[in-house]
**Student:** 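This is the structure, below, for whatever I ask next.
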Amino acid sequence: MSTAGKQKRERLTDAQLLMTISICIFVFMYAAAMIFMGGGFLKTQQLFDLLNDNAALIIISCALTIVMIGGGINISVGGVIGLTVMAGALFLNAHSDGGPFSIVLTFLLAVGIGLAFGLLQGFLVSHLEIQPFIVTLAGMFLARGLTTMLSVNPVSVSHSDFSALVKTKIQIAFLGYTAKNGNLIPAKLEIGAVTAVAVVILVYLMLRYTKFGRNIYAIGGNQGSALTLGINVRRTRFYSYLISGLLSGLAGFVFLMHKPAGNASVAMRSEMDAIASSIIGGTLLTGGVGNVIGTFFGTMILATIQKIIALSPLNASWWQDMASGAMLGVFILLQSVVLSQRGRGRMGLPSWLKFRKE
Amino acid sequence: MSVPVKRKKASGLSQLIIPLVALGLLLLFNLIRDPGFYSVSIAVNNAGNPVLSGNMISIIDSASELAIIAMGMTLVTAACGGQDISVGAVGAIAGAVFVKVVFAFESITAGALLAGLAACILGAVLFKLFNGTLVAVFRIQPMIATLILYSCGRSIAYWINGDATPQISSPILSAVGMTIPGIPVPTPIFLVILTGLLMMLLFRVTNTRLYTQTVGINQGAARLNGINPVRIKLLSFVLLGVCVAVAAVIGIARLGNLSHKTILADIEMDAILAVAIGGNNLGGGRFRLSGSILGAYIIQMLTTTLYAMNVATVNVKAYKAIVIIVIVVAGSPVVKARLSALLNRVRPGGAAGLRGVS
């Protein structure tokens, strides 16, 4: 018991190290952008915009981190966002005179769709022991197919109360800047961004301090020992998928609040961005290692790269893709080197690259 | 990955039962729905040559790329215990290299096409070796290692071709992509058979099959027995690279152009599904190529059936997802164990009979 606890604590330290690296890289990258690019990067609004634009991505990255720590994978999150956005947009249009109550119903609809996907996938993965990759791949197909069944054409929301909600922004005056004509323009933060940050904090607390959270690390680290220690592996895995489904539904609603329009290609391929964010933040796909704060910074790193390239002369979509890909490669190799240098973890380097013998 | 359940060890052929039943049910379903589905006729194409046409021919023809890639994917899955999600993107790169090299010649001759094919295979193998090195030497999970090229591969293809979607047409290419004049059967079918035969030859003549399975089941034990796991994993990626290059050339020959966005689009997901439907363990180890090939044809059969039922192209995914879920549920270890327990109880002299004696 005591050795198991000790070992686990060391493993978490690994995750914290990887997380620290990703935070440092984000800070350095942002500082470099401030120095060399100047302009928008000197304003607080730029940082807030990164949060505003990527709120949904941050939430699904958290969802993926939970599942990945438990040793699974969920690639249906992007599809679920697409489905909830489309369903929400259609629902709001059908109840355009429904007032604030219809917004509450839309929220419940979004979360309900997410929960339904989580429930189905969780059952198939935990109770029927089907490979999570295949289950969630089918889930992605299902969600994308249902989205186009609802509507092939783009649907934009025309609902007065919801439009008011979309325009509602939290204004922070002292972080704003003075425009050329002398007006003070406050920094604006969207509700979705605040939600995303709240989700990160809640998931962090859940993983760190609740029994359920610790159990997820246990089943991801070593399922056999978790079982012998009396952890209900099936139930833990089931709930991890349920929570990731719930978070994807929530992310769909946040997306709808950011861009109130449904479209068949909403959040296309965002599941891979979410996986990349988790990995950059120090989560291992093998399970048992990970940290949601790192995931948050992983998303911010990817978002910052995209922003820097969009503002640079290399503004072409393929440069963005290549830079993100190269960044991901660097991080993956870095993780491999760091973990093997510390002489533990299953990732290792060949002997000629090792700094010390195990 | 899964909670251990007492189950009988699968013998070689029993793995094929579920895919065969699924294929049989699909065939039966089509027979009841519309017997005309199976009609095959000889039509004359634009060039004045006889061509077989009919739903079954089109199913077998259009599943060719998928079947070829599924073979390579099976090897990677078996050796590395993970899947390559960059096959579509690397296919786009290989296609771009092919077109680039062919266009470097003054006219599109057989020699130019052969040089293009050689360069295309070389390019695909090099990119796959990059993936393979990350997986075998740096021991990174295959899905993560291939995520890099998944996210930036198509952009690299676009960049190689200088921001264009080139048109390429020649009688030889159309003979590869459609039919050879005088032979009414589409050529890609022969290429699948050829690839399959070459693979079979490889397994017969060398120890590749045994070694791949050994590395997939227990890497440490394989190393102790004198097998170099790194070399075996790299070999599986090289073979996948060749498969991808061949599939890319078929794809280009079929359409007469190269669009970096649509060539082999989403084929990585279908290939992984084919491997899973074929009853192969996605965690590595034992494999049957025939299962994966069968899986590829099931997926194509399903798609064509849905088209024949006038399901809109965009909605096909949802129905596909449901059928996939049914197939994987039927193949899940828990359901299998329950079913065999039920059969034992029903069958006289089974477990129930023994219990009665004791």
Side-chain angles (χ1 to χ4, degrees), chain A residues 71-73 75 120 124 126-135 137-149 152 223-224 227 233-234 264 269 272-273 275-276 279 284-286 316-326 328-329 332-333 335-337 340 346-350 353, chain B residues 1-5 82-83 85 89 130 134 137-145 147-159 163 230 260 266 269-270 272-273 275-277 281-283 311-325 327-329 331-335:
Chain A
I73 189 99
I75 54 173
L120 180 69
L124 291 176
S126 61
H127 289 82
L128 295 187
E129 295 170 21
I130 306 172
Q131 311 268 1
F133 189 91
I134 296 299
V135 169
L137 179 64
M140 179 179 89
F141 282 172
L142 188 64
R144 291 281 174 209
L146 288 176
T147 309
T148 46
M149 266 185 199
V152 180
Q223 183 176 299
L227 198 65
V233 174
R234 276 190 183 166
R269 288 190 164 203
M272 294 302 166
D273 284 342
I275 294 174
I279 292 162
L284 298 187
L285 192 62
T286 36
S317 64
W318 74 86
W319 277 114
Q320 286 191 13
D321 286 351
M322 283 190 206
S324 317
L328 188 63
I332 290 169
L333 282 177
Q335 283 188 358
S336 181
V337 171
S340 73
R346 264 190 256 155
M347 294 172 132
L349 274 181
L353 261 178
Chain B
M1 194 79 264
S2 54
V3 181
V5 170
Q83 287 74 42
I85 57 169
F130 166 70
L134 287 181
V137 181
F138 291 91
R139 306 216 187 139
I140 296 164
Q141 285 264 313
M143 195 186 154
I144 303 299
L147 182 62
I148 303 170
L149 279 174
Y150 173 87
S151 54
C152 67
R154 289 185 189 272
S155 298
I156 295 176
Y158 195 51
W159 174 70
D163 310 1
V230 173
H260 69 286
D266 289 338
M269 301 303 173
D270 279 346
I272 297 169
L273 272 180
V275 173
I277 291 177
N281 184 358
L282 291 189
V311 173
T313 318
V314 286
N315 296 341
V316 162
K317 273 186 177 174
Y319 295 102
K320 219 165 137 181
I322 293 167
V323 179
I324 290 161
I325 290 174
I327 295 176
V328 291
V329 165
S332 101
V334 176
V335 173

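Each chain gets a letter, A, B and so on, in the order the sequences are listed, and its residues count up from 1.
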**Student:** Can you confirm whether B:Ile322 sits close enough to A:Leu142 that some side-chain heavy atom of one is under 4.5 Å from a side-chain heavy atom of the other?
**Tutor:** yes
**Student:** Select one option (side chain, backbone, both, neither) describing which atoms of B:Leu282 are under 4.5 Å from chain A's heavy atoms.
**Tutor:**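 Contact with chain A is through both the backbone and side chain of B:Leu282.
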**Student:** Under 4.5 Å between any side-chain heavy atoms of B:Asn315 and A:Leu146, yes or no?
**Tutor:**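 A side-chain contact under 4.5 Å is absent here.
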**Student:** Chain A heavy atoms under 4.5 Å from B:Tyr150: which part of the residue, side chain, backbone, both or neither?
**Tutor:** both
**Student:** Answer with side chain, backbone, both or neither: which region of A:Leu124 has an atom nearer than 4.5 Å to a non-hydrogen atom of chain B?
**Tutor:**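 Looking at A:Leu124, just its side chain touches chain B.
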**Student:** So how far is it from A:Ser324 OG to A:Asp273 CG, rounded to the nearest 0.5 Å?
**Tutor:**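 Here the interatomic distance stands at 7.5 Å.
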**Student:** Under a 4.5 Å heavy-atom cutoff, which of A:Gly145, A:Gly139, A:Ala276 has the most pairs with chain B?
**Tutor:**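 Top option by heavy-atom pairs under 4.5 Å: A:Gly145.
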**Student:** Determine whether B:Tyr319 and A:Met149 make a side-chain contact, defined as any pair of heavy atoms from C-beta on separated by less than 4.5 Å.
**Tutor:**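 The answer is yes; the side chains approach within 4.5 Å.
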**Student:** Under the side chain to side chain contact (heavy atoms under 4.5 Å, CB included) rule, collect the residues that match up with B:Tyr158, sequence neighbours excluded.
**Tutor:**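 B:Tyr158 satisfies side chain to side chain contact (heavy atoms under 4.5 Å, CB included) with A:Trp318, B:Asp163, B:His260 once adjacent residues are dropped.
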**Student:** Select, from A:Ile275, A:Leu120, A:Ile130, the one with the greatest count of heavy-atom pairs under 4.5 Å involving chain B.
**Tutor:** A:Ile130
**Student:** Name the option with the most non-hydrogen atom pairs under 4.5 Å to chain B; the candidates are A:Val152, A:Thr147, A:Thr148.
**Tutor:**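 If we count pairs closer than 4.5 Å to chain B, A:Thr148 comes out on top.
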**Student:** Which one wins on heavy-atom pair count under 4.5 Å against chain A: B:Arg154, B:Met269, B:Gln83, B:Lys320?
**Tutor:** B:Met269
**Student:** Is B:Ser332 reaching over with its side chain to a backbone N or O of A:Leu128, donor-acceptor style, under 3.5 angstrom?
**Tutor:**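 Pair found, side chain donor or acceptor close to backbone of A:Leu128.
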**Student:** Decide side chain to side chain contact (heavy atoms under 4.5 Å, CB included) for B:Ile85 and A:Met272; before the verdict, give the C-alpha distance in whole Å, the side-chain angles of both, and the deciding distance to 0.1 Å.
**Tutor:** CA-CA 10 Å; B:Ile85 57 169; A:Met272 294 302 166; 4.0 Å; yes
**Student:** Please state whether the side chain, the backbone, both or neither of B:Ile277 comes within less than 4.5 Å of a heavy atom of chain A.
**Tutor:**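 No part of B:Ile277 comes within 4.5 Å of chain A.
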**Student:** Which answer fits B:Leu134, side chain, backbone, both or neither, if we ask what part of it has an atom under 4.5 Å from a heavy atom of chain A?
**Tutor:** side chain
**Student:** Would you mind telling me which of B:Leu149, B:Leu273, B:Asp266 has the largest number of heavy-atom pairs within less than 4.5 Å of chain A?
**Tutor:** B:Leu273
